[in-house]
**Student:** 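Sharing a structure below in structure tokens format, with a few things to ask.
Every chain is numbered from 1, with letters handed out A, B, ... down the list of sequences. All heavy atoms count here, side chains included; hydrogens, waters and symmetry mates do not.
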Protein chains: 2
Amino acid sequence: MSRSKLNRLTFAAAALATANAIAIASSLLSGQARADEGMWLFNALPKKQLASKYQFEPTQAWVDHVMLSSVRFNSGGSASFVSSNGLVLTNHHVAADTLFKLSTAEHNYNEDGFLAKTLEEEIPATDLELNQLISIEDVTAKVNEAVKPQMAPADAFKARQAAMAEIEKESLDKTGLRSDVVTLYGGGRYHLYRYKKYTDVRLVWAPEAASAFFGGDADNFEYPRYCLDVTLFRVYEDGKPAKIDHFLKMDPNGAKDGDLVFVSGNPGRTRRILTSDAVEYQRDTALPRTLNLLRRREIALQQYGLEGPEQTRRGRDDLFGVQNSRKAYTGMLAGIQDPSYIEANRKSEQETFSTLKADPKLAGLAGAWDTIRDLQSKRREMLLKSASLRTQLVGFAEKIVLMASDDTKPSAQRLREFRDSARQSLEQELFSEVPVYEDLERALLADELSRLAEDRGINDPLVKTVLAGKSPRTRAADIIAGTKLMTAEGRKELAKQGLEGIKNSTDPLVKLIRDMEPEYRKIREATEAIDEQERQAYAKVTEAKFAVGGDSVYPDATFTLRLSYGAVSGYESKGKQVPAHTKLGGAFEHEKVHLEKDPWVLPKSWHAAKDKLNPDTPFNFVSTADIIGGNSGSPVVSRDGAMVGIIFDGNIESLPGDFYYSDKQARSVSVHIAGVLEAMRKIYQAGHLADQMGK
Amino acid sequence: MSRSKLNRLTFAAAALATANAIAIASSLLSGQARADEGMWLFNALPKKQLASKYQFEPTQAWVDHVMLSSVRFNSGGSASFVSSNGLVLTNHHVAADTLFKLSTAEHNYNEDGFLAKTLEEEIPATDLELNQLISIEDVTAKVNEAVKPQMAPADAFKARQAAMAEIEKESLDKTGLRSDVVTLYGGGRYHLYRYKKYTDVRLVWAPEAASAFFGGDADNFEYPRYCLDVTLFRVYEDGKPAKIDHFLKMDPNGAKDGDLVFVSGNPGRTRRILTSDAVEYQRDTALPRTLNLLRRREIALQQYGLEGPEQTRRGRDDLFGVQNSRKAYTGMLAGIQDPSYIEANRKSEQETFSTLKADPKLAGLAGAWDTIRDLQSKRREMLLKSASLRTQLVGFAEKIVLMASDDTKPSAQRLREFRDSARQSLEQELFSEVPVYEDLERALLADELSRLAEDRGINDPLVKTVLAGKSPRTRAADIIAGTKLMTAEGRKELAKQGLEGIKNSTDPLVKLIRDMEPEYRKIREATEAIDEQERQAYAKVTEAKFAVGGDSVYPDATFTLRLSYGAVSGYESKGKQVPAHTKLGGAFEHEKVHLEKDPWVLPKSWHAAKDKLNPDTPFNFVSTADIIGGNSGSPVVSRDGAMVGIIFDGNIESLPGDFYYSDKQARSVSVHIAGVLEAMRKIYQAGHLADQMGK
């Protein structure tokens, strides 16, 4: 998954709290997951904990069924199969990327919603790839074998990448399945994930954004909520609805207070393995930098939107994503800026060191913490040295240009994103007919050029080359006016010409990327060398954690399928008890309390159907399941393996979940499936689809 | 003027362009003002230029009349006397600070406007101080006398401050007038300004924000414009309308295309004297930092506003100010990020050096450029070391606590803001009944604590002390809950207790400031030492400029009265001619073009009066006069010394004006006095006030 997509992922958040930092940190660092903590591997589920706390023992059939019913949106989210004829249920905000790409100045599917009355009316998405996880295989030994102790970090990194690419290639050739080697425990384990891919994905039904994102940025990460944050797609094969063996049944009576529920989805990233020194680097350097960049982009997109209603529409998807990330990162940083958190962390590390020192076989592992500490200052040095400009268009150009150079080498020696086994997915991304807006690209490129100049200073050689003697605004305008890469056709054409064509290209954007390429590769290589050293160190940290915590250790999130579990449960906030559930009728009250002012305006469809709706239908609910961005759209599943809801958010107390878990106040937030079905039938004339669900 | 006020100043902008950077820069650096450039001292007007370009020779009576009719708003803006009975005309956005302070959840004078039908209905402003400049005296020799060549910079700074404070004290005692020694030419000259003060200032009439700020943030710095950005106050003495000898006559037929006009106001700050090295420091370090802080505050205020309509109201004035500054600084930075600008600058400096070297008496001056270059890296080191938290409440607390320590010393040895001669104005600021909002202060303080922790790292000793083991949010909540400084009474009470009381205070905010005081003073002293060294260096740069440019050299803006001049003149933009004037009727068309969507919604009063209005009345106009933030509200005056308009903005091309001037596209933007009078009479039932104006 590309970095830009990972950034889009920081959507919902994980179920963790700021409050009880001391207990949390020590549980984490001793490596033992307590309460309902954990994003578990499907091949290493926490059977003991489930049996002892919930008297639940999943059968292999149950596990396989949930795994095979789960779906990953490669654009950055989760979902599930919900019918035998290919229906896939995800969040509206996961679908938003597609809804925006399908929209035009005339049809705004994001704002106005969409309903296909027949199969013929279902609209093919532009560039979606959906993945269904088929199998997991441990390949740790094979990956580590390639790395020899005496290798310099940069060489070790390359050797490891090559080993991974070879495993993937071999698997792809053998099975025809998408094959990804996943780095787990920060480098402690390597697993091969095989996926069935679906690339003919069609839009079936979406409610209006005003209902899906009711309460907007103001309500985001808040609870109680009243959001119909769902959208239906359908996967096709050979031009027909795909026949799906494993799909979820519907249980509209499920997810009652206290019920055990499971979340099967793809949490994007957590960093709970980080040592205290690494957390301090995040706290004092990396996150502040990220937040500055997010705020900068947020303002740039707001300014662009002021230019007119069409500009507002064009920028909205990005703006929502950025606002969401900014709010998430702010909460995350606030969580780790609590001095008591890091204090407890350090104390717990000291305890770990004592345990390690007591055992001669483990004593050597403690050195890994020192290695990681020393690497943080190297990271700090690298931070401002990026040689990338972050816009959609530049991202396309960068990949095409770098790919052309790398394609002259064997697959295993290329940058990881250019390996053969990932080529099909990459081409889907680069050559799809997605809208690229000239004015938006011009505005963002100007801002990015300005940012690069600020980061490096205008006298920096790279900046001099990039600006070519012009101001950022003029230069951006020139590049956008001159490039042919705005269209899929232009991008295909360039890629077809290969390295020679690119070298001779007069396209100003291609020339820009060519100019930046040497510096980009230099920085990339230096970063990869740091990554490799950290990987080796975290492998030791993982060993230490297994030694202390036994089989209650789960790996950090990696945007691969995980199972979380917890109880449907309200919580206390500001001295009051917040109930676990909201009801459909509550949406109208919530609108009234906020004087029916934007963003608390329900769509007309809701008011028209108000009398027909059962106001007591459960609408949203919270549970203690451990989630994070990327889990958006994950099915919430009962003991019986039936669907009771769909994850769409975490509450504000859950935001530090990137770094630690708590079940005190932090909750994951879901749409209840009863609310979804009631709304489909009574508000959206989508009864014919509701009837297909679970069958 | 306090720093917080200077920040509020970056309102309108100066009339300068990005385009013709080369010509501009060389004209500046040779020290010669060309075209209509210049913010001229009233005691050193550009008589030659006016005579040769405009055949205008101001008499001393004309100069005195314009000077004495001009008014400074100490809250950060300009204005003028417009009647013999004390009426003062300024911008709505200059008045906004007062309009917000007078507003409550029930009466929103900023949004809804205000009209006093009788004198009795006029509302006293909470904390305004208006200044009328009475005289200017050159005291350079006296100030420089105090500084001996062998003094260390920190000592030299103190000696100079002491000399300035003594001159001011002596003048105050002698004349009873507010007496400020103003540093001109970055330290090249010192002038004593004496002001008559007005502190009983009452609100008379204000239009709705929707008319004053029509087009909002989107139209800000744009042209054509249709804004009634005006508000009327009246100054009182002894409880009665003050009798004013010098006030402006109205000339509704003035400011025709090509007419010579003058702007008499208080430009806040320009930095045109900066050497290339100093500009590079601004470009690569200081301005990016400022922009990060502005964007951070903008997002924090937006988030606060999302909490409800009352929060939106409470935060709006700050939010507008911050958005305005962010837009201004963005344009400023864009201007100096043009590599051709700094290249031309450097080339021109080389030419200056050649001239200097050719004259043995001047050759030594060139060393000043090296001194300034070396000082920039010291500035860079200081940048992240601030020990201040920027909120209104903390600002109050900081001043009261520092003042108590300083008051144990003689006036001349205190920090400049605590000198005796400035005490009355400072007390007006600290002890007025202005609204301080608990929830807003809590939100901003939490963000500022977080910012301090990011800047210095959580392990920094000051940060440890300040956070006291708590997270920024918890700490902010504790401080706000415990402090008594929210009210004027609480602040007066603390100040009355003096140093002993403050030392024993258990108020958490007082203790916080006490904890920060040593570091604050350390940094302040280090900064002042750098300032002093720059001051001495810029005195030499100024000498060099006078040597090269003769009497066509004007000093950078210092928020003191200046006279600018220029022609009413349209300009070319994107290949089209933009006419100099807009008309009242155009406002309705502008609303229609933008689909009557916020922020393009004219108030009801306008629609109700539409048929009565003469649509051809001039409304807004542009001229080449050289202005910058702080000029907001400046009268635009004809050859005959009559009022033809009032400055309220600069166009987007004028934003780099902080650093250089151009008349190619950059324009200052004014409300035409004919539009003001027509609107007062036909829309606002304020004919009785319009009748008083000019009489």
**Student:** Output yes when Glu280(A) and Arg346(A) qualify as a salt bridge under the 4.0 Å nitrogen-oxygen rule, no when they do not.
**Tutor:** yes

**Student:** Closer than 4.0 angstrom, basic N to acidic O: yes or no for Lys470(A) and Asp338(B)?
**Tutor:**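 Between Asp338(B) and Lys470(A) there is no salt bridge, as every charged N stays at least 4.0 Å from the carboxylate O atoms.
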
**Student:** Heavy-atom cut-off 4.5 Å, strictly under: side chain, backbone, both or neither for Pro599(A) against chain B?
**Tutor:**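 Neither part.
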
**Student:** Please check if any side-chain donor atom of Asp439(A) sits under 3.5 Å from a side-chain acceptor atom of Tyr304(A), or the reverse.
**Tutor:** yes

**Student:** Does any backbone or side-chain atom of Asp217(B) lie under 4.5 Å from a heavy atom of chain A? Answer side chain, backbone, both or neither.
**Tutor:** both

**Student:** Check whether Gln337(A) gets within reach of chain B through its side chain, its backbone, both or neither, counting any heavy atom under 4.5 Å.
**Tutor:** both

**Student:** Taking the side chain as everything from C-beta on, heavy atoms only, tell me whether Leu293(A) gets closer than 4.5 Å to Arg390(A).
**Tutor:**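 Counting from C-beta outward, Leu293(A) and Arg390(A) do come under 4.5 Å.
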
**Student:** Could you tell me which of Pro472(B), Ala446(B), Ala453(B) has the largest number of non-hydrogen atom pairs under 4.5 Å with chain A?
**Tutor:** Pro472(B)

**Student:** Taking side chain to side chain contact (heavy atoms under 4.5 Å, CB included) as the criterion, tell me which of Gln302(A), Arg297(A), Arg314(A) meets it with Leu319(A).
**Tutor:**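 Among the candidates, only Gln302(A) passes.
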
**Student:** Heavy-atom distances under 4.5 Å only: say whether Ile458(B) touches chain A with side chain, backbone, both or neither.
**Tutor:**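 For Ile458(B), backbone and side chain are both near chain A.
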
**Student:** Hey, does Ile342(B) have a side-chain heavy atom less than 4.5 Å from the side chain of Val279(B)?
**Tutor:** yes

**Student:** At a 4.5 Å cut-off on heavy atoms, which part of Leu467(A) comes close to chain B: side chain, backbone, both, or neither?
**Tutor:** side chain

**Student:** Taking every heavy-atom pair that is under 4.5 Å apart, which of Gly457(B), Gly216(B), Ser450(B), Gly305(B) has the most such pairs with chain A?
**Tutor:** Ser450(B)

**Student:** Taking 4.0 angstrom as the limit, do Glu310(B) and Arg313(B) come out as a salt bridge?
**Tutor:**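 Salt bridge flag = yes for Arg313(B) with Glu310(B).
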
**Student:** Side chain, backbone, both or neither: which part of Glu343(B) has a heavy atom under 4.5 Å from chain A?
**Tutor:**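 Glu343(B) has no heavy atom closer than 4.5 Å to chain A.
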
**Student:** Is chain A contacted by the side chain of Gln303(B), its backbone, both, or neither, given a heavy-atom distance below 4.5 Å?
**Tutor:**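 Side chain only.
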
**Student:** Using heavy-atom distances under 4.5 Å, tell me whether Arg326(A) contacts chain B through its side chain, its backbone, both, or neither.
**Tutor:** side chain

**Student:** Testing the 3.5 Å rule here: is there a donor-acceptor pair between the side chains of Asp277(A) and Thr275(A)?
**Tutor:**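 No donor-acceptor contact under 3.5 Å links the two side chains.
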
**Student:** Non-hydrogen atoms of chain B under 4.5 Å away: do they reach the side chain of Thr330(A), the backbone, both or neither?
**Tutor:**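 The answer is both parts of Thr330(A).
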
**Student:** Could you look at Lys327(B) and say if it's the side chain, the backbone, both or neither that has a heavy atom under 4.5 Å from chain A?
**Tutor:** side chain

**Student:** Can a donor-acceptor pair be found, under 3.5 Å and without considering hydrogens, that links the side chain of Gln665(B) to the backbone of Glu572(B)?
**Tutor:** yes

**Student:** Does any backbone or side-chain atom of Leu595(B) lie under 4.5 Å from a heavy atom of chain A? Answer side chain, backbone, both or neither.
**Tutor:** side chain

**Student:** Which bit of Arg473(B) is near chain A, if near means a heavy-atom gap under 4.5 Å: side chain, backbone, both or neither?
**Tutor:**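 Side chain only.
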
**Student:** Under a 4.5 Å heavy-atom cut-off, does chain A meet the side chain of Glu454(B), its backbone, both or neither?
**Tutor:** both

**Student:** Heavy-atom cut-off 4.5 Å, strictly under: side chain, backbone, both or neither for Leu333(A) against chain B?
**Tutor:** side chain

**Student:** Checking salt bridge (charged side-chain N to carboxylate O under 4.0 Å, His left out) for the pair Asp455(B)/Arg289(B): CA distance, chi angles, key distance, verdict?
**Tutor:** CA-CA 11 Å; Asp455(B) 282 352; Arg289(B) 160 86 177 161; 2.7 Å; yes

